[in-house]
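Working notes for the structure below.
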Amino acid sequence: MWMRSPMPNAERLQKVLAAAGVGSRRASEELIAAGRVTVDGRTASLGDKVDPSAAEIHVDGERVIVDANLVYLALNKPRGVVSTMADERGREAIADFLSNIPERIFHVGRLDADSEGLLLLTNDGGLAHKLMHPSFGVPKTYLVEVPGPMRRGVGKQLTAGIELEDGPVRVDNFRLVDSMPGRVLVELVLHEGRKHIVRRLMDEVGYPVSRLVRTAIGPVRLGDLRPGRHRRLGRAEVAALFKAVGE
């Protein structure tokens with residue numbers, strides 16, 4: 001039998017689920033009664049209480065974030081902005097676009113100043129570490145503009161693997177998106193996180209990058225988010241990120 005130890009911040013599980021947007025309290029009770037909710041790896045029961053700041057809760061196997069203090073954001077970093085919260089040289093930085101976010105958050109990984117697109121920001125250190133660590137293999141998708149035309153076989157060359165000065169790297173997927181006079185647009189998917197990895201790869205095969213936009217990190221896509229704007233991730237997106245790192 002699961003013994004419930006006293007928790008000063010404990011609340012009824014159905015109330016916590018409802019506050020997290022899973023459904024009404026009644027709907028949450030039905031989920032619990034059907035055995036579809038687990039708390040810290042154990043199937044929950046009606047009447048259970050949890051501490052929202054500490055409990056790990058899953059519904060139908062998907063992680064549900066119930067701690068209201070945790071923040072998960074997507075930002076479309078504009079070109080020319082440095083990937084730091086503040087810059088000692090006075091350059092425009094990430095924090096300049098987050099003035100309405102009271103929590104102390106940090107960026108997950110980086111984009112160089114000349115690159116643009118999706119950055120994730122959070123105060124969930126555990127998830128951030130897993131998203132950045134190469135062992136978890138979270139893919140990142142980039143839209144890249146290079147000089148054209150592009151010779152045949154470049155995609156196969158990249159997916160087969162390229163030897164760089166700091167070791168080999170292989171693109172998970174390559175797709176020709178568009179071809180215009182003098183330039184080509186391609187999409188690359190890779191789970192590498194080494195510095196300037198996309199630019200170095202394309203330089204190595206003879207196609208220096210003129211524009212680079214990160215369009216996705218794992219299951220989270222940039223979509224139509226405008227440059228300089230941010231949005232809070234939806235519950236399904238956060239659950240998908242946890243799933244991407246094996247939780």
Side-chain angles (χ1 to χ4, degrees), residues 61-63 65 72-77 79 82-84 94 105-146 150 153-177 184-223 225 230-231 233-234 236-247:
E62 290 193 345
R63 180 76 176 267
I65 300 302
Y72 305 88
L73 301 177
L75 169 72
N76 187 347
K77 186 191 86 68
R79 191 171 186 170
V82 294
S83 289
T84 58
I94 296 171
I105 58 177
F106 48 88
H107 49 91
V108 180
R110 293 175 177 270
L111 281 171
D112 63 68
D114 289 331
S115 300
E116 54 196 290
L118 181 62
L119 272 178
L120 298 181
L121 301 108
T122 185
N123 53 1
D124 187 337
L127 178 61
H129 169 74
K130 291 178 179 179
L131 288 172
M132 289 187 288
H133 201 284
S135 65
F136 290 92
V138 178
K140 301 173 183 66
T141 305
Y142 300 87
L143 203 58
V144 183
E145 185 179 291
V146 297
M150 180 171 283
V154 171
K156 287 184 178 180
Q157 187 180 0
L158 290 168
T159 53
I162 300 291
E163 187 72 35
L164 299 177
E165 67 274 11
D166 55 353
V169 60
R170 183 180 63 83
V171 169
D172 299 331
N173 191 55
F174 174 92
R175 181 170 68 93
L176 179 64
V177 176
V184 174
L185 201 60
V186 298
E187 182 184 81
L188 303 178
V189 180
L190 66 164
H191 58 270
E192 279 276 359
R194 280 180 269 175
K195 190 174 182 179
H196 304 311
I197 191 67
V198 175
R199 295 180 184 275
R200 291 163 57 203
L201 269 176
M202 297 310 295
D203 279 343
E204 189 68 22
V205 295
Y207 292 91
V209 173
S210 58
R211 187 182 180 193
L212 187 153
V213 182
R214 185 158 62 197
T215 58
I217 298 174
V220 178
R221 303 199 66 83
L222 183 65
L225 188 64
H230 66 270
R231 64 176 178 85
L233 298 187
E237 289 179 302
V238 176
L241 283 175
F242 276 98
K243 189 174 183 179
V245 297
E247 291 194 25

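Computed from a predicted structure; not experimentally measured.
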Show the nearest heavy-atom pair for residues [X] and [Y], with the distance to one decimal.
| X | Y | value |
| --- | --- | --- |
| A239 | R63 | CB-O, 3.3 Å |
| A74 | L118 | CB-CD1, 3.7 Å |
| E192 | I197 | CB-CG1, 4.2 Å |
| L241 | L233 | CD1-CD1, 3.7 Å |
| R221 | A216 | NH1-CB, 3.7 Å |
| D203 | P208 | OD1-CA, 3.2 Å |

Between [atom1] of [X] and [atom2] of [Y], what distance do you get to the nearest 0.5 Å?
| X | Y | atom1 | atom2 | value |
| --- | --- | --- | --- | --- |
| N76 | R214 | CG | CZ | 11.0 Å |
| L225 | H230 | CG | NE2 | 9.0 Å |
| L185 | R175 | CG | CZ | 9.0 Å |
| E116 | L222 | CD | CG | 9.5 Å |
| I217 | L120 | CD1 | CG | 4.0 Å |
| I94 | F106 | CD1 | CZ | 12.0 Å |

Restricting to side-chain hydrogen bond (donor to acceptor under 3.5 Å, both in side chains), what partner residues turn up for [X], sequence neighbours left out?
| X | answer |
| --- | --- |
| R231 | E237 |
| R199 | D112, S115 |
| E204 | none |
| H129 | none |

Residue pairs fulfilling side chain to side chain donor-acceptor pair (under 3.5 Å) with at least one residue in residues 117-128, sequence neighbours excluded: Y72-D124
D114 vs L212, side chain to side chain contact (heavy atoms under 4.5 Å, CB included): CA-CA, chis, key distance, verdict: CA-CA 8 Å; D114 289 331; L212 187 153; over 6 Å; no
Does a side-chain heavy-atom distance below 4.5 Å link [X] with [Y]?
| X | Y | answer |
| --- | --- | --- |
| T84 | R110 | yes |
| L190 | V198 | yes |
| V186 | V177 | no |

For residues 165-174, which side-chain donor-acceptor pairs fall under 3.5 Å, sequence neighbours excluded?
{"residue": "E165", "atom": "OE2", "partner": "R200", "partner atom": "NH2", "Å": "3.4"}
{"residue": "D166", "atom": "OD1", "partner": "R194", "partner atom": "NH1", "Å": "2.9"}
{"residue": "D166", "atom": "OD1", "partner": "R200", "partner atom": "NH2", "Å": "2.5"}
{"residue": "D166", "atom": "OD2", "partner": "R200", "partner atom": "NH1", "Å": "3.4"}
{"residue": "D166", "atom": "OD2", "partner": "R200", "partner atom": "NH2", "Å": "2.9"}
{"residue": "D172", "atom": "OD1", "partner": "H191", "partner atom": "ND1", "Å": "3.4"}
{"residue": "D172", "atom": "OD2", "partner": "H191", "partner atom": "N", "Å": "3.4"}
{"residue": "D172", "atom": "OD2", "partner": "H191", "partner atom": "ND1", "Å": "3.0"}

Main-chain N/O of L119 paired to H107 side chain as donor or acceptor, under 3.5 Å: no
Ion pair R211/E145, N-O distance below 4.0 Å: no
